[in-house]
Amino acid sequence: MSRSPRRLATGGRIDRARRLNFSLEGRALQGFAGDTLASALLANGVTLVGRSFKYHRPRGFVSSGVEEPNGLFTLGAAGRTTPNVAGTVTDLYEGLSAVRQNGWPSVDWDLMAVTSWAAPLLAAGFYYKTFMGPRRKSWMFYEKFIRRAAGLGRGVHLPDPDRYETQHLFADVLVVGSGPAGLAAAWAAARAGAQVMLVEQDSELGGSLLSARLDSPEERWRAETVASLRRMPNLDIRCRTTALGLYDGNTVALVERHENGRPDPARGEAREIIITLEAGAIVFAAGTLERPLVFGGNDIPGVMLASAARSYLNRHAVFLGQRVVVATNNDAAWQSALDLATAGAAVTILDQRPTVNSRCLELANGAAITVQLDATPTRAIGARAVTGVRFSTSRASREHQLDCDLLCMSGGWSPVVHLTSHTGIKPRYRADIDSYVPGGYAAGHFGAGAMAGTFVLSAGIREGESAGWHAAEHAGYVSEAVRAQCSLPVGEDAACEVGPTRLGPTAARGKAFIDFQNDVTTRDIAIAYQEGFVSIEHLKRYTTLGMGTDQGKTSNVNGIHAMAAYRGLDPQTTGTTTFRPPYTPVSIGALAGRQVGQQFRPIRRSPLHEWHVANGAVLIEAGLWKRAWYYGWAGDSASAAYINEMKLVRSTVGICDVSSLGKIDVQGPDAAEFLDRVYVNNFARLPVGKARYGVMLNDDATVLDDGTTARFADTSYFMTTTTAQAAEVASRLEFLLQTAWVDLNVSVTLVTDEWAGMSIAGPKAREALQLALPGHDWSNERLPYMGCVDLDVDGVALRILRVSFSGELAFELYIAADRGCALWEHILARAASLGIRPYGLEALAALRIEKGHVAGLELDHRTTIDDLGLGKMAASNKTFVGCALRERPELRAPGRWSLVGLECLESGGILRGGAILFAPGDAVAGHGRGYITSVTWSLELGKYIALGLYQGGLLHQGEDVVCAYPLKHEQVRARIVAPVFVDSRGERLRV
Amino acid sequence: MLKIACPGCGVRNYTEFRYAGDANKVRPAHQVRDLGEWYDYVFLFDNPKGPHREYWQHVLGCRQWLVVERDTATNTVQGTRFARDGGGE
């Protein structure tokens, strides 16, 4: 067992009794419970953790948190492979396996690093300028090589075996962040009596306080406060939970991660849970992110944020360097210097400010820290690890050099304004802290602590407390009485001052990185400026600044500062880019939740569904419906089976499940008038006991839907719609009745699911019905074509319409959904001697194409009744929805694409749906003169037939067309014919 | 999550509703066949930033059509009424 070379023997928040085994590229390593992957790797001396995106430069960890741009890993294997995970936010667990990314053949020995020598070529805009123009083709050729050279981890195309959940929760007050301000806010709001949720992305509560020494007063305050919070029953504390985004109505999207990296899906454990939380009020206490300083070589491994070095030291007991230089422009980094010195490092502070407060100097002096004021780092020295730093002062022209093995930097602090900005409130620049704070708060939103620009600890706690009270008050908890009695104790602390970090255009030497993850340097900002991409949004897109998985958490403000300096503007004027959710990367699995596989979307099943499945039906999705496509009795494939099923219907009798048809009950004294208004044809004069085919239009005169409506009483109609448009039609009818025609006394009820429907079709349909339901008169006289009748069969209501979609003698039977299967089986059993069998959706569609009935493919909300040859249905003696705009000249123009029939002229030729139609002699290119909408093999004609839309329609009857199908390089000849291929006089319907 | 207070069902998530556009448009009387009036009603819409009266139907609830006053800039709802009661004005 190898001893971790950089781990301190004592201290830190790790549990030395719980060793955890993990691996890096197969190499066995050990860490402790309480480690992150980053801290465990650093403890094992692994400082080179990745190669940069463009230049393949060696990189180490810059941070210890969500802002990490460099230390990204691919975790897990097989279906659990997860790329681009920051090691700094990955809690170590037993068996974790990690792989570093973006090095070839390996991160330690990366041949692609030669791109660094080609760096002048790879500056901002390089790809656009070189590969994009003048022809798009060049980019398409180069793209795959470029993507291979520059990249992050790769996902896998395997099913994810883990489980993800979604929750919908509520709270009176949500507190985002558990640093000093967040803890105080949660305490106050809970104390006021509100139901409070406190979310913390880290595995422990405390935020920045977790980086303090265990023997510090800050830690004592943290421990005591957390202990009192844990005792509050109305406080829901969730660690490992990140607030990803803020949405309308105080809805916050949270993602909660499982407490160890190995949830067991078999025990119902979810890897991640997306929580949509609706909060009465929200306290934002998300803290700050430290900014790097920008100088040459600031990306060399061993150059790190000062806060990160302190966190690794105090939290994880990882001692990162013996000779440490801390380069800063603010007081906060001095605390890191003090802690590193106390731990035994030789520390030098380089502070850019000419003067600092005396308390800082006293503390540094006491810890034997060398202090150099007015000192600006210009260049880090080293290749795969930092060995020194050069710096300059304003007094001397000569640069100084210091040796070091850890270079800490602190360029100021950027409040986490992401969530508050999601509402559209732009952040506001504050010169005193040289950074952006929330530009304002919506009602019920409160900001506190460092996130609101308050960097002094005691002030942050007081602010958090106050925000907690106000949030509880906003949520309806009157708190003044309680508030007067209690207040959290706060110890003394130091002031925190921040100096200016504004970058001069020439401050840095060598490659000075602003965005580490996307390899954006000061030079790229200069190029963007020179070429006119000066707006922050343009700068972002031209240089890719802030477009990585870290979304510029360390780089955005530095980039804005650099551009502001070039333009001579202040950062308030330049503004920021738009902040959008999610705050940190979220897995697609979490967003999908349980909506995978069977649960991907709702499934609608016919009342006869179980029968179909049990009796050899092959199912097909039609919208949300699962429908019987064809049945095993008819063949092994759809193409064979549907022809046999067609043959059955045309020769004897078949039965088809039509339960998915939309059914709408229309009742009321004005029902007849109502239907007369919505249908183009007349329904008021429809006699009771009769059904009629009707077409209804949209207001713009395109066809909305068609279907059969039957009149069962003076004031009662039973409307059927197409499967696809049922919901739309019902909603439209309700709209008209509730907004425009409130004077009509009509009630409209969607009853699709109440009725099972089945169609008995074929020359022997009447015989089948007689066998199934003897004792009733099914003669042509009693129930003629388009007749309808309500029956009571043994106390069960049965509704029978003599309508036909197939063109054969047919009856549609409707019965209560729960009786549907019994009726279906009864008919099949009683009529078995006739050879009755079920037929599916494919045969149903084939039969209607032969008959020339239009369906969804023709009713695409662009066609009019005149386009479809149904214009003669429109009653001239009444007004109906759409009749005014039907008279638009463009809709009456003779060249419109309108319905035609097509017969294939080539033996062995296949017509295909979607084929583009050309006149013979046309160049076969472009959109042609029309297209095929529906196609089938015609049993009757022994050839492929189709319906289609063609310029001029039946004016071209008898002419040939070329049906082009470019995807298969096919061109087939067909002839334009009338769109009725079978029994054009409708004699079979009326027997 | 945008919330709409249905006068029939109470406060619900907007996902229970369907949106149907501008409620300020007055539908021409059914008997009107004037092309211009219908053209204006069907095709010409304002796209205001700020308060907007619009139709929503509570499809997954009482199925009533509502007139909702929503601020398109802030996505806050100021008022909700049944459309059949005139929806205001």
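Proteins get letters first, then strands, A, B, ... in listed order; numbering begins at 1 in each. Predicted, not measured: the structure shown is a model, and the values here were computed from it.
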Query raised in the report: Can you tell which of Lys878(A), Glu887(A), Arg677(A) has the highest number of heavy-atom pairs within less than 4.5 Å of chain B?
Result: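 So the answer, after comparing Lys878(A), Glu887(A), Arg677(A), is Arg677(A).
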Requested in this report: Find the one option among Leu885(A), Thr879(A), Thr251(A) whose heavy-atom pairs under 4.5 Å with chain B are most numerous.
Outcome: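 Greatest number of close heavy-atom pairs with chain B: Thr879(A).
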Query raised in the report: Can you name the residues of residues 734-743 of chain A that have some heavy atom under 4.5 Å away from a heavy atom in chain B?
Result: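 Glu734(A), Phe735(A), Leu736(A), Gln738(A), Thr739(A), Ala740(A), Trp741(A), Val742(A) fall under the 4.5 Å cut-off.
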**Report entry** With Arg594(A) via salt bridge (charged side-chain N to carboxylate O under 4.0 Å, His left out) - residues at least two apart
**Finding:**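 Checked Arg594(A) against salt bridge (charged side-chain N to carboxylate O under 4.0 Å, His left out); matches are Glu165(A).
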Show the nearest heavy-atom pair for residues [X] and [Y], with the distance to one decimal.
X         : Y         : result
Thr74(B)  : Asp248(A) : O-OD1, 4.3 Å
Trp38(B)  : Ala884(A) : CD1-CB, 3.3 Å
Ala730(A) : Arg63(B)  : CB-NH2, 3.9 Å

Requested in this report: Give a yes or no on whether Arg892(A) atom CZ has more than 12 heavy-atom contacts from other residues, nucleotides or ligands under 6.0 Å away.
Outcome: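 Buried by this count: over 12 neighbours within 6.0 Å.
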Requested in this report: Tell me, for Arg888(A) versus chain B, whether the close heavy atoms (under 4.5 Å) come from the side chain, the backbone, both or neither.
Outcome: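 Both backbone and side chain.
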Report task. Spell out the residues in residues 25-37 of chain B that have some non-hydrogen atom less than 4.5 Å away from a non-hydrogen atom of chain A, in order of number; otherwise answer 'none'. Result ->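 The stretch touches chain A at Arg27(B), His30(B), Gln31(B), Val32(B), Arg33(B), Leu35(B).
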Report task. Could you please state which residues from residues 5-14 of chain B sit under 4.5 angstrom from chain A, measuring non-hydrogen atom to non-hydrogen atom, sorted by number, or 'none'? Result ->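 Under the 4.5 Å heavy-atom cut-off, Asn13(B) qualify.
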Report task. Name the member of Phe43(B), Tyr55(B), Tyr39(B) that forms the most heavy-atom pairs with chain A at distances under 4.5 Å. Result ->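 Ranked by heavy-atom pairs under 4.5 Å with chain A, first place is Tyr55(B).
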